[in-house]
Structure formats: C-alpha cells, structure tokens
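Below is one structure, written out as structure tokens; the observations come after it.
A note on names: the letters A, B, ... follow the listed sequences, proteins ahead of strands, and every chain is numbered from 1. As the structure is a computational prediction, the values presented were derived from the model and not from experiment.
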Amino acid sequence: MKFINFSNHLVGKKLIMAFTGIFLFFFVSVHLIGNSSIFFGPDGINAYTQKLHSMPALVWIFRLIMIAFFSIHIYFGIQLYLENKDSKPVPYAVKKSLRATFASKNMIWTGISIAVFLIYHLLHFTFRVISVGPLGVDSMQRPDVYSMVLAGLTEIPSLIIYIFGLTALVLHLSHGIQSLFQTAGITTENMQTSVIKASNAAAVIIFIGYLAIPAAIIAGILKY
Amino acid sequence: MMNIALLVWRQKNRADKGRFERYEAKDISHEMSFLEMLDVVNEGLIKDGKEPIAFDHDCREGICGMCSQVINGTPHGPAERTTVCQLHMRNFKDGDVIYIEPWRAKAFPVIKDLIVDRSALDRIIQAGGYISVHTGGVPDANAILISKPDADTAMDAAECIGCGACVAACPNGSAMLFTSAKVIHLANLPQGKIEAVRRVCMMTEAMQKEGFGACSNHYECQAACPKGIKVSFISALNREFVKAQFK
Amino acid sequence: MILDGNCPNGLLHEKWDIRRHELKLVSPANRRKFKIIVVGTGLAGASAAATLGELGYNVEAFCYQDSARRAHSIAAQGGINAAKNYPNDGDSIYHLFYDTIKGGDFRSREANVYRLAMISNNIIDQCVAQGVPFARDYAGYLDNRSFGGSQVSRTFYARGQTGQQLLLGAYSALSRQVKAGTVKLYPRTEMLDIIVIDGEAKGIIVRDLVTGEIRGHSADSVCLCTGGYSNAFSLSSNAMGSNITATFRAYKKGAYFANPCYTQIHPTCIPASGDYQSKLTLMSESLRNDGRVWVPKKTGDKRPANDITEDERDYYLERKYPSYGNLAPRDISSRAAKEVCDEGRGVGPGGRGVYLDFADSIKRLGEDTIRQRYGNLFEMYERITGEDAYKQPMRIYPAPHYTMGGLWVDYNLESNIKGLFILGEANFSDHGANRLGASALMQGLADGYFVIPYTIADYLAKTKPGKVTITHPEFKKSLDETSSLMERLLSINGKKTVNEFHRELGKIMWDNVGMTRSEASLKKTLEEIPLIRQEFWKNVKVSGAGSELNQELEKACRVADFLEFAELMAWDALQRDESCGGHFRVEHQMPDGEAKRNDEEFCYVAAWEYKGIGKTPELHKEPLTFESIKLAVRSYK
C-alpha cells in the first residue's frame with residue numbers, strides 16, 4: 001500500500017484479526033461437524049478419523065495453517081489489547097456501560113481461556129498425555145476415537161474444563177463474529193441488528209453443538 | 001427545587017495528580033441546565049474565596065462541541081443525544097449524588113479540572129479531513145449532482161460536532177467514530193471521492209499517532225454521541241480502508 | 001470629520017470589477033514574506049485565514065475556543081442566501097441586493113451590499129466544492145427554502161445546521177493550510193490589545209488562556225474577525241465567550257466604531273425560565289415558514305394553548321402584515337411580540353412569550369414532513385423546555401442575536417487604521433440598521449473568501465514586509481499595560497462576582513437600549529453605566545491567579561470592556577434621533593407603530609472616535625449616498 005504499513009496500522013491490525021478470525025470460526029464449525037459424526041456411533045467417528053489419518057500430508061498442511069492463524073490471531077490480539085489499554089491510562093471513578101457487553105469487554109480473557117483450553121484439549125485427545133491412555137483400535141481395526149471420547153468426557157474434572165472452554169468460546173464468538181463483519185466493513189446500518197443477532201445465534205449453536213456430545217454421554221445416549 | 005451532592009474532579013494543571021471534591025448544590029430548579037447548576041455552585045465557591053470549577057463550554061446550545069463532562073459514568077450525562085449544555089436538571093432528582101469527571105483518554109490530557117486538550121482531533125482533520133479545493137475556480141454548485149440518499153448520508157455524518165464524547169466513552173480511547181464521520185461525510189460526495197483513498201489512510205494513521213486506540217466494536221461511542229453518529233460509519237470507514245488496499 | 005467610504009466610481013454592477021482592477025497585487029514569490037494575523041476563526045476568520053494561507057501568505061490565526069471549529073458561526077441554523085435563482089422564481093443579484101438594503105432600512109452602503117449580492121453565488125459554488133452537504137432534491141440538485149424579508153426562495157440550507165456545515169467547510173480549508181504549513185493556529189488564545197505604529201496595525205497582544213502567558217505577535221497586517229457584541233445584553237443567543245474585547249481595544253487605539261446602536265433582536269428564541277438563565281437559545285427563523293405566530297385575544301388568558309379556540313386567537317403578524325405574514329422581518333416580528341406581551345397577552349412563565357404554532361402545517365404536510373424539516377429544532381426545544389412542540393405550540397420570545405454595528409471599514413474592509421481589516425459581524429458594513437435572515441453567513445464568507453484576498457494585497461503591496469518586530473517599544477508598552485490590567489482585576493478582591501456585574505449591565509441594556517429606546521431611557525443608561533463601572537473596579541471579585549487557566553479572569557476582562565462599550569451603544573442610540581431597522585426610538589414611529597426614518601438628517605454612518613473612558617466620543621459621519629435606488633418606506637404590509 002502506498003500510504004501505510006498495514007500490519008502496524010490500527011485498522012490493518014483489526015482486519016488481520018477479522019481475517020484470521022474467519023478461518024478460526026470456519027475451523028471451529030468444521031471441527032464440530034466432524035465431531036458430530038460421534039452420534040453415528042463408532043462407525044461414524046472412527047471412520048472419519050481413519051479417513052483423516054489416510055491423508056497425513058493434507059492434515060499437516062491444515063494443521064500448520066491453523067497454527068499460523070492461531071498464532072497471528074493471538075499475537076495481534078494481545079498487541080491490540082495492550083495498545084488499547086495504553087490509550088486509556090486513567091479509568092473513570094464511575095463508568096456505565098452503554099452498549100458494551102461482558103463479551104465485548106472480555107475478548108482478551110475469553111481468548112486466552114480458549115488458548116489455554118486448546119492446549120488442554122490437544123494434550124487430552126491429540127497427544128493423550130492427560131488421563132486417557134494410548135489410542136486403541138476398534139473391532140474394524142480403526143483408531144477407536146469413540147471409546148477415547150467417552151472415556152475422556154465422563155471424568156468430572158475434564159468435563160468441567162470442557163464446559164469452561166466452551167463458555168469462553170461462546171462469549172468470544174458472540175462478539176467476535178459480528179465484530180469481524182463490522183471490521184471488514186460488511187455491516188451496514190440496516191444489517192447491524194441482524195448481524196448481532198446472527199452472531200449470537202451462531203455462537204450459541206456452536207456452544208450447544210459441542211456441549212451435545214458430553215451431554216449425550218452423560219445422558220447415556222452415547223455408550224460403549 | 002432540589003439539593004444535590006456533586007463529586008467533582010479537581011486538578012490544578014496537567015502535572016497535578018487531581019482528586020475528587022464534594023460540593024453541595026442547593027435549591028436547584030428543574031428548569032436549569034446542568035451548566036447553569038454548575039454556574040450557581042461556582043458563584044458560591046467564588047464568594048467563599050475558593051476556586052471555581054473550570055469546565056469547557058461556549059455556545060450552550062448543543063452545537064459548538066466545547067462542553068465535555070462525564071456525568072455519573074456517561075459522557076454528556078444520562079439524557080440521550082444531548083450535550084452537557086443541553087442537559088437539564090429535570091433529569092435528576094432531589095438527593096442525587098453526581099460524579100463529574102473530565103474526558104479520559106491518553107490523547108486528551110487534562111488541562112485543568114474538567115477541561116481537557118482535544119487538539120488531537122484537530123490534527124486528525126489536518127491529516128486529510130478535507131477536499132483539497134482552492135478558493136475560487138470551482139464549477140457551478142448545481143454542476144455537481146448528488147443523489148438525495150448520498151447527500152443525506154453525508155449530512156448524517158457531517159453532524160459530528162467534534163466534542164470527543166466517543167473517545168471519552170470508548171474503553172480503548174479510540175477516535176474511530178469521529179474519524180469515520182469525517183471520512184464518510186466526504187466519501188459519500190462525488191467531489192470528495194477523488195481523495196478518498198488517501199484520506200482514509202492519512203486520517204486513521206494520524207489517529208493512531210495521536211495515541212487513540214483501535215476500535216473493538218463495543219459501540220459505546222454511538223450510545224454516548226450527542227448527535228447520534230452511527231457506528232455504521234465505522235464499518236463504512238473500514239470498507240473504505242479495505243478498498244484503499246486494492247488501489 | 002466627514003468619512004469617505006472609498007467606494008469605486010462607476011455603475012453599481014461594475015464597481016467591484018473596477019476596484020479589483022485598481023487594487024495592487026503581491027507576487028506569489030513575495031507573499032510568504034508577509035505575515036498576516038487573523039483573529040477569530042468563525043466564518044469570516046477561518047475563510048480568510050484559509051484563503052490567505054492558500055495564496056502563500058504567512059498566516060497566524062487566533063481563537064479563544066479550544067478548536068477553530070467551535071466559533072459561534074457554528075450556531076447559525078437556518079441557511080445562507082444566494083442569488084442563484086435556481087427555483088426560477090424571479091430572483092436576481094439585483095433582487096438580493098435590493099432586499100438586503102431595504103431590509104437594512106437604507107442605512108448601509110450601496111456598493112458594499114451589491115458586491116455582497118454578487119459574491120453570494122460564488123460562495124455557494126465554493127461551499128459545495130468543499131463538501132458542504134446542502135439539502136438536495138431527488139434529482140440531485142440543490143434545494144432552496146424561503147426566509148424572512150424575502151419573497152423568493154433563495155436560501156440554501158443544511159438541515160438546521162447550516163452555520164455549522166459552512167464553518168466546518170471553512171475549518172477544513174483552514175486545516176488543509178495548517179497541514180501545508182502556511183497557517184499557524186493558536187487556539188485558547190485571546191487577543192487583548194492591538195499594536196498600532198505610525199497609524200498602521202502591526203501586531204497584537206494575546207493571552208495564552210492555558211498558561212496565562214501574555215505575549216506579542218507582530219505582523220504586516222491584522223484582520224479582526226471577532227464577531228459581534230450581543231453579550232452586552234448579558235442574555236443573548238451568542239456563545240458565552242463571545243465578546244467585544246478585540247474590536248473594543250482596537251477602538252481604544254483609534255479605530256472608529258460605527259453604528260453601535262444597531263443591534264438585532266431575534267424573534268424566535270426560547271423564553272428565559274429564571275434568574276439563573278445563562279444564555280438564550282435561538283430557534284431558527286426558518287420555523288416561521290411553517291409556524292403561525294399567535295397570542296390569545298384576551299389579556300391574561302392562562303388556558304393551555306390547545307384549549308383556546310381559533311376565533312379566540314390573534315394571529316397578529318398575519319393580521320398586521322398580510323403580504324409577509326409570519327415571515328415579516330426580524331425587527332418587526334420582535335417588536336410585535338414585545339407589544340402583545342406588553343399588552344398582557346403574553347404566554348408562558350412571566351408572560352414573556354408568544355406561540356409559534358405548527359398544528360396547521362402538520363395537518364397540511366403531515367408530521368413526517370415537519371419532522372424532516374425541523375426535527376432537530378423540535379428536539380432541542382423539548383430538551384430545554386420539556387414540551388413536545390408536535391403536540392402543543394412552541395413558546396418563543398425575542399432575544400439579542402446579532403449586531404449590525406461594528407468597527408468602521410471602507411469598501412476595502414480596511415478600518416481608518418491602515419493595515420487593520422475587519423471582517424464579518426465585527427465590521428459594520430453590509431447590513432445597515434437591520435440584517436435579514438441567512439445574510440450573516442453570506443457576509444462572513446464573502447469577506448473572508450472573496451474580498452479580503454484582493455484588498456489586503458493592495459495594502460501589503462504598498463508596504464515592506466517585516467517592518468516591525470516584537471522588540472518594538474510599542475509591544476513592551478502594551479504588554480506592560482495588559483499585564484497591569486490583569487493584576488488590577490485580580491487584586492480588587494471585592495464582594496461581587498463578574499457574572500453579577502454582567503447581569504446588572506445586561507438588564508439595564510435590555511430595558512433601556514433593547515428593542516425600544518427613548519431619549520429618557522438612553523440618558524438614564526448613560527447615568528447608570530458609569531456607576532456600575534465604578535463599582536466593578538472597586539468591588540469585583542476575580543479568583544485565582546493570572547499565570548494559569550483562569551476563566552473568571554477571562555470573563556472579567558470581557559465584562560470590563562462591555563462596561564465601557566455599553567456606554568458607546570447608548571451614546572449612539574441617543575444621537576440617532578430617528579427609528580430605523582433594529583434601532584427603534586419610541587419618539588419616532590408611524591401612527592401604526594412602524595419605525596419612522598428621518599432620511600433628511602440621519603442618512604449617514606455614525607463612526608465614533610474614542611476620547612477616553614467616560615468621555616463623550618467624537619462623532620464622524622459618513623454620508624450614505626444612493627446612486628441606484630430610491631429611498632423608500634420599508635413596508636412589509
């Protein structure tokens with residue numbers, strides 16, 4: 001660009017947040033669809049996992065992209081948080097929030113919570129160094145993800161961590177989705193209310209979708 | 001008539017640390033404006049040999065943008081789309097305790113009591129908030145046709161009075177609403193489109209240099225704006241900014 | 001002494017061209033060597049500073065507000081006149097000229113007014129090019145509305161905020177020059193004195209309102225664009241900070257003050273609600289396009305407006321002035337309102353108010369149309385009074401609003417002090433004894449964009465740049481005087497606040513030198529003002545110190561000047577033993593109560609020369625000669 005240094009420009013940074021945010025949201029959605037195959041029993045999710053494992057190159061490319069996007073999103077997120085905090089050095093003795101929400105004001109904290117949860121989640125189900133043991137195989141010699149998830153999500157501590165992570169996610173998304181529309185300049189005046197509503201709805205759908213798995217396990221719908 | 005307690009931010013100068021001081025405003029009429037109530041308090045302070053509260057004000061009809069006070073945590077006080085000077089005491093009741101603070105933002109250093117330095121907003125405009133036209137040598141006014149919707153949108157944006165309430169309300173001390181109002185006012189007019197790319201880049205960059213934060217889409221600004229400038233202008237600014245990257 | 005307005009010879013419509021041909025030019029390479037001081041950043045000041053900066057002069061612009069964008073021009077609501085004749089309703093430059101000069105009750109300079117009417121068209125072009133969002137019709141063309149004192153639609157407007165939008169246009173042009181480095185802005189800086197050396201204006205003394213520092217600025221020429229003096233009445237529609245100081249100090253240094261008694265009382269302000277009232281809020285006169293003015297026929301009728309039936313109402317403007325009706329000029333409307341209130345038919349608290357009723361227009365056009373036209377004014381009215389004007393009529397009452405008088409200038413806008421130019425409301429030139437609506441914006445911008453760039457060049461071309469620096473002894477002398485004035489004010493430490501003195505002065509002025517004046521009331525004023533002034537200098541209490549931001553000290557300086565200046569207003573009103581425009585002497589009225597001019601004796605500009613505090617100033621006359629028009633009775637019936 002002729003006039004500005006994009007990644008050091010406050011609107012530029014926000015656009016980077018929005019752009020990476022879209023992909024992260026996209027990932028969260030695809031991951032949910034993938035996970036939902038658990039409702040088809042071991043034949044669903046185990047087959048899905050086997051399919052993924054049969055394309056290691058693709059999976060790794062995808063993982064690297066995700067790592068890159070996560071890192072960029074986190075890096076600029078923290079930078080913006082610090083800069084914005086610096087722009088308001090003295091707080092008000094009394095301050096009323098007029099339109100700002102709990103979600104909008106706590107993006108940094110819900111974001112960090114998601115990052116922490118993500119690490120736990122990877123250690124839990126991907127690297128399996130926490131609680132769940134090595135991944136077995138099912139009767140059809142597929143990786144038995146089904147049993148692993150059932151084992152992993154029936155433990156109370158990990159269940160609490162998952163609910164905590166999902167709560168952070170729903171808050172982060174409810175503000176993040178509508179925010180990216182605004183930052184990318186898509187929202188018009190007429191669209192604004194709908195965008196906010198749709199954003200909240202999408203976040204809640206993701207929340208319910210993910211929560212449905214442990215709920216189904218506890219309710220005994222999904223069992224060994 | 002009512003009696004009200006005020007907790008007012010007093011700060012001798014830029015270097016002073018500042019503190020709240022309590023004043024009693026007695027026999028206040030509902031018909032008074034908020035600033036007239038402060039006038040009455042100040043008259044009392046002067047007669048008691050104390051220093052009156054310094055606050056910015058000028059036109060007292062809600063258009064010059066000079067007045068700037070955060071009243072009970074809301075810039076310009078509790079009435080919607082109203083500057084402090086147009087805020088009337090009928091919005092308060094007997095026995096109320098009112099906190100009065102100056103605009104708070106890194107880009108708005110306090111000069112004295114409730115008076116802050118808002119020259120940063122002027123410098124944002126100086127960075128490109130204009131159409132580079134010379135005096136004279138312009139076409140006939142009706143040679144530039146502007147559709148009514150475009151003219152109306154431009155006017156909506158141009159209503160900004162530059163008071164800085166958006167910055168005061170923003171948790172990030174961002175001036176995006178102010179900047180976007182000028183960018184969109186001019187970008188909506190054919191004669192302003194020519195410099196649109198340059199303008200949006202220069203103005204947002206100037207805003208950053210002045211120490212204003214980025215927009216986190218809290219929309220506090222719109223709620224605090226006495227002229228109802230809408231956050232859709234911020235979205236439109238972002239759109240202009242994205243467009244600028246491809247030009 | 002007989003003053004000469006220095007108008008060019010020739011036919012009326014050729015005069016400005018002739019003058020422009022006569023005026024000397026400054027070459028582009030030489031312009032940056034000249035420093036010009038512009039005081040005030042309203043329409044006149046901002047447009048002048050921007051244009052002069054753009055031409056390459058080295059400009060320093062000063063304003064007491066925290067930003068140049070906040071000057072009180074911003075408060076003008078209704079619109080700006082121009083003779084574009086876009087609606088094809090018979091308008092022309094000549095019509096605008098004639099309306100303006102007739103509106104001014106034939107007390108303005110013909111050549112100036114004609115130039116103003118000519119330039120009006122350029123202003124609209126300029127403002128549109130700057131991006132001023134004037135109202136448009138659906139085809140994308142500019143929209144016009146009609147305004148008081150005119151039978152054509154020639155007023156361009158930007159919602160109810162025309163002044164703001166025009167000022168933001170000028171401010172953006174100014175900002176561009178600040179960026180370009182040709183204009184240096186000094187906000188929160190107030191001019192306290194002018195430096196005159198060998199009869200030429202060569203600098204000013206200012207006080208930095210933040211640090212309290214008093215310092216000099218030298219220049220090759222000085223432009224004062226500091227607005228009017230309505231705040232002499234204490235309660236007016238002017239901004240709290242609007243003051244006479246800059247022009248009054250120039251007057252004290254020898255500049256003539258012309259027609260100070262010509263003050264305009266605006267008919268449509270929101271009535272005062274109590275003693276604490278700090279200012280009056282004006283509602284655009286454009287409201288009179290769709291509102292009907294009335295009071296009850298019966299005196300002391302306290303019923304709510306909506307309970308008073310049609311035949312119990314007196315639509316007095318429509319009754320008295322059938323052809324102009326509710327659009328009768330400001331002075332006439334204001335006086336008519338005072339009359340009905342004096343008769344005891346006023347409405348609202350204190351009986352000082354008349355109704356402005358939109359019920360008929362709402363019925364005819366629908367509430368939406370009215371909302372579209374005046375929505376922000378109705379909102380403002382509700383904020384202040386707590387009443388909904390869609391449901392019940394507004395209450396309005398006249399308030400001091402604009403001052404036609406100002407420092408005397410010749411056709412080139414140059415005062416009798418060489419190199420001192422006065423622009424906009426601060427000069428006296430174009431509005432005569434009364435200003436028509438939507439003409440102030442026109443004049444401010446005409447002076448700043450299109451007159452001063454030509455005329456100041458002529459002065460500069462005849463002088464050497466940088467003749468005077470701040471080391472000149474005059475600066476030292478004036479700095480010392482200004483500092484000791486501040487110290488004196490701070491040291492009195494009396495019992496009464498500055499506001500109390502201001503209110504006291506304002507009441508005397510409003511009662512005696514306000515809408516109606518008489519020999520007795522004026523003589524009484526001339527006796528009373530010196531007493532208040534004496535008390536002020538003995539008993540005023542100004543808190544704080546001079547070396548800091550001190551709003552009380554700022555106010556005290558301004559009120560001190562008003563206390564001297566008010567006397568000049570009364571002197572002028574007393575000597576002008578006739579009624580004309582905004583100046584109404586009860587001794588001189590037609591049988592029906594209209595103003596009665598005396599062209600034989602008073603067809604002149606009264607320019608006053610300062611002779612010392614409390615001393616009778618010396619009157620100089622500039623005879624007004626009319627080559628192109630005949631003086632007529634200003635009738636709006």
- When only pairs under 4.5 Å are counted, which of B:T135, B:T82, B:V138, B:I63 shares the most heavy-atom pairs with chain C? B:T135
- So OG1 of C:T497 and CG of B:L45: to nearest 0.5 Å the spacing works out to 12.0 Å
- Item | Test item: B:Q126 side-chain N/O and C:A180 main-chain N/O as donor-acceptor pair under 3.5 Å | no
- Task: Please step through side chain to side chain contact (heavy atoms under 4.5 Å, CB included) for the pair C:K279 and B:E61, ending with a clear verdict.
- Result: CA-CA 9 Å; C:K279 81 153 269 159; B:E61 47 187 276; 2.6 Å; yes
- So which heavy atom on C:A139 is nearest to which on B:L145, and how close? O-CD1, 4.2 Å
- Looking only at heavy atoms, what is the nearest atom pair of B:D122 and C:S67, with distance? OD1-OG, 2.8 Å
- Item | Pairs of heavy atoms under 4.5 Å with chain C: top-ranked of B:P139, B:G62, B:A143, B:A154 | B:P139
- Query: When rounded to the nearest 0.5 angstrom, what distance separates CZ in B:R118 from CG in C:D66?
  - Reply: 4.5 Å
- Item | Side chain / backbone / both / neither for C:L168 at chain B, heavy atoms under 4.5 Å | side chain
- Message: The test is side chain to side chain contact (heavy atoms under 4.5 Å, CB included); show your working for B:D152 and C:R159 and say whether it passes.
- Response: CA-CA 9 Å; B:D152 285 347; C:R159 262 175 223 163; 4.1 Å; yes
- Message: Keeping C:E548 on the side-chain end and B:N13 on the backbone end, is there a donor-acceptor pair under 3.5 Å?
- Response: no
- Message: Between B:R90 and C:R383 (side chain of the first, backbone of the second, donor and acceptor by atom type, cut-off under 3.5 Å), is there such a pair?
- Response: yes
- Closest contact, heavy atoms only, C:S543 versus B:I46: OG-CG1, 4.2 Å
- At a heavy-atom separation under 4.5 Å, does C:S47 approach chain B through its side chain, its backbone, both, or neither? neither
- Do you know which of C:A71, C:G163, C:P133 has the most heavy-atom pairs with chain B at a distance under 4.5 angstrom? C:P133
- Flag the one option from C:N499, C:T281, C:L55 with the top tally of heavy-atom pairs under 4.5 Å to chain B. C:N499
- Query: Distance-only, no hydrogens or angles: does the B:R81 side chain make a donor-acceptor pair with backbone N or O of C:E379 under 3.5 Å?
  - Reply: no
- Worked check of side chain to side chain contact (heavy atoms under 4.5 Å, CB included) between B:C59 and C:H72: CA-CA 7 Å; B:C59 79; C:H72 200 59; 3.8 Å; yes
- Item | Flag side-chain contact, heavy atom, 4.5 Å: B:E31 against C:Q277 | no
- Task: Indicate the atoms forming the closest heavy-atom contact of B:A141 with C:K84, along with that distance.
- Result: N-NZ, 4.2 Å
- Counting only N and O atoms by type, is there a donor-acceptor contact under 3.5 Å from the side chain of C:Q130 to the main-chain atoms of B:Y130? no
- Item | C:D137, part contacting chain B, at a heavy-atom distance under 4.5 Å | backbone
- Top contributor to chain B contacts, counting heavy-atom pairs under 4.5 Å, from C:G544, C:G386, C:G274: C:G386
- Note on the structure: Pair count under 4.5 Å, heavy atoms only, with chain C: among B:M32, B:K182, B:K47, highest is B:M32
- Examine distances only and state if a side-chain atom of B:H185 and a backbone atom of C:G131 form a donor-acceptor pair shorter than 3.5 Å. yes
- Message: With chain B as the partner, which of C:K179, C:Q164, C:K495, C:M380 has the greatest number of non-hydrogen pairs under 4.5 Å?
- Response: C:Q164
- So what's closer than 4.5 Å to chain B heavy atoms on C:I270: side chain, backbone, both or neither? neither
- Query: Given the options B:L186, B:D140, B:L189, B:I111, which has more heavy-atom pairs under 4.5 Å with chain C than any of the others?
  - Reply: B:D140
- Task: Pick out which of C:R503, C:K541, C:K496 makes a salt bridge (charged side-chain N to carboxylate O under 4.0 Å, His left out) with B:E43.
- Result: C:R503
- Item | Option that, when pairs with chain C are counted at under 4.5 Å, heavy atom only, ranks first among B:Q86, B:K50, B:K12 | B:Q86
- Of B:S119, B:G129, B:G136, the largest count of non-hydrogen pairs under 4.5 angstrom with chain C goes to B:G136
- Item | Shortest non-hydrogen contact between B:N142 and C:Y86, atoms and distance | N-OH, 3.3 Å
- Euclidean distance, B:I125 CD1 relative to C:S172 OG, rounded to 0.5 Å: 8.0 Å
- Query: Out of C:R188, C:M240, C:Q161, C:R176, which one racks up the most heavy-atom pairs below 4.5 Å with chain B?
  - Reply: C:R176
- Query: If you look at every heavy atom in C:A129 and B:V133, which pair is closest and at what distance?
  - Reply: CB-CG2, 3.9 Å
- Query: Checking B:Q191 side chain against C:V128 main chain: does a donor-acceptor pair fall under 3.5 Å?
  - Reply: yes
- To the nearest 0.5 angstrom, please state how far the CZ atom of C:R69 sits from the CD1 atom of B:I161. 8.0 Å
- Can you tell which part of C:E54 gets under 4.5 Å to a heavy atom of chain B, answering side chain, backbone, both or neither? side chain
- Task: Using atom types as modelled and distance alone, determine if a side-chain donor or acceptor of B:R60 lies under 3.5 Å from a backbone N or O of C:N238.
- Result: no
- Find out whether B:I115 and C:Q551 are in side-chain contact, i.e. whether some heavy atom of one side chain is under 4.5 Å from a heavy atom of the other. yes
- Query: So, does C:Q65 use its side chain to make a donor-acceptor pair with the main chain of B:D58 at under 3.5 Å?
  - Reply: no
- Side chains of B:E51 and C:E552: closer than 4.5 Å at any heavy-atom pair? no
- Between the CD atom in B:E36 and the OG atom in C:S273, the distance rounded to the nearest 0.5 Å is 6.5 Å
